[in-house]
Amino acid sequence: MRSWHLDDDYGISYHTYSALYHGFNEIIRNVCRDNNVMLIDLAQVLPSDNQHLYDFVHLNGSGARVVGQHIAQRLDLLLSDENVGTPRP
């Protein structure tokens, strides 16, 4: 995996960034769960590597394909006739 230098570019260490990123995602998961809101949790399906990310945040072409396919699958399930009127996962 390519090494990204957050200290040089953004003034924070990767460790600090990673802790903030994971904490933020956990808050989002909790809010969605507590409010019965569907969550498409891309952090759980997208590998954090340079095969999918241009840098530590932005998707490259391969990452965009993975994200697009996952979102399409979740929306297809949500919008299918069998699931109309059922509670969201």
Just so I know, are the side chains of L53 and N60 near enough to count as touching, which here means a heavy-atom distance under 4.5 Å?
no

Less than 4.5 Å apart, side chain to side chain, heavy atoms only: is that true for Y21 and T16?
no

Looking at CG of L46 and CG of D41, how far apart are the two atoms once the value is rounded to the nearest 0.5 Å?
11.0 Å

Do N25 and H22 pass the side chain to side chain donor-acceptor pair (under 3.5 Å) test, and can you show the C-alpha distance, the side-chain angles, and the key distance before you say yes or no?
CA-CA 5 Å; N25 282 340; H22 292 292; 5.2 Å; no

side-chain contact (heavy atoms from CB on, under 4.5 Å) for V45 and I40? Distances and angles first, verdict last.
CA-CA 9 Å; V45 297; I40 299 177; over 6 Å; no

Any sub-3.5 Å donor-acceptor pair from S18's side-chain atoms to H15's backbone N or O?
no

Validation row: Q44, R29 side chains within 4.5 angstrom (heavy atoms):
yes

Flag yes if V31 and V37 sit in one hydrophobic cluster, no otherwise; membership is Ile, Leu, Val, Met, Phe, Trp, Tyr, and two members link when side-chain heavy atoms are under 4.5 Å apart.
no

Restricting to non-hydrogen atoms, name the atom on C32 and the atom on M38 that form the minimum distance, rounded to 0.1 Å.
SG-O, 4.4 Å

Between the OG atom in S80 and the CG atom in L75, the distance rounded to the nearest 0.5 Å is 11.0 Å

How many angstroms lie between atom CG of L42 and atom CG of L39, to the nearest 0.5 angstrom?
8.0 Å

Between CG on residue D76 and CD on residue Q73, distance to nearest 0.5 Å
8.5 Å

Under 4.5 Å between side-chain heavy atoms, counting indirect links through other Ile/Leu/Val/Met/Phe/Trp/Tyr residues: same cluster for F24 and L20 or not?
no

Any side-chain heavy atom of H52 within less than 4.5 Å of one from V66?
yes

Using modelled atom types only, decide if a donor and an acceptor are shared between the side chain of N30 and the backbone of R33 within a distance under 3.5 Å.
no

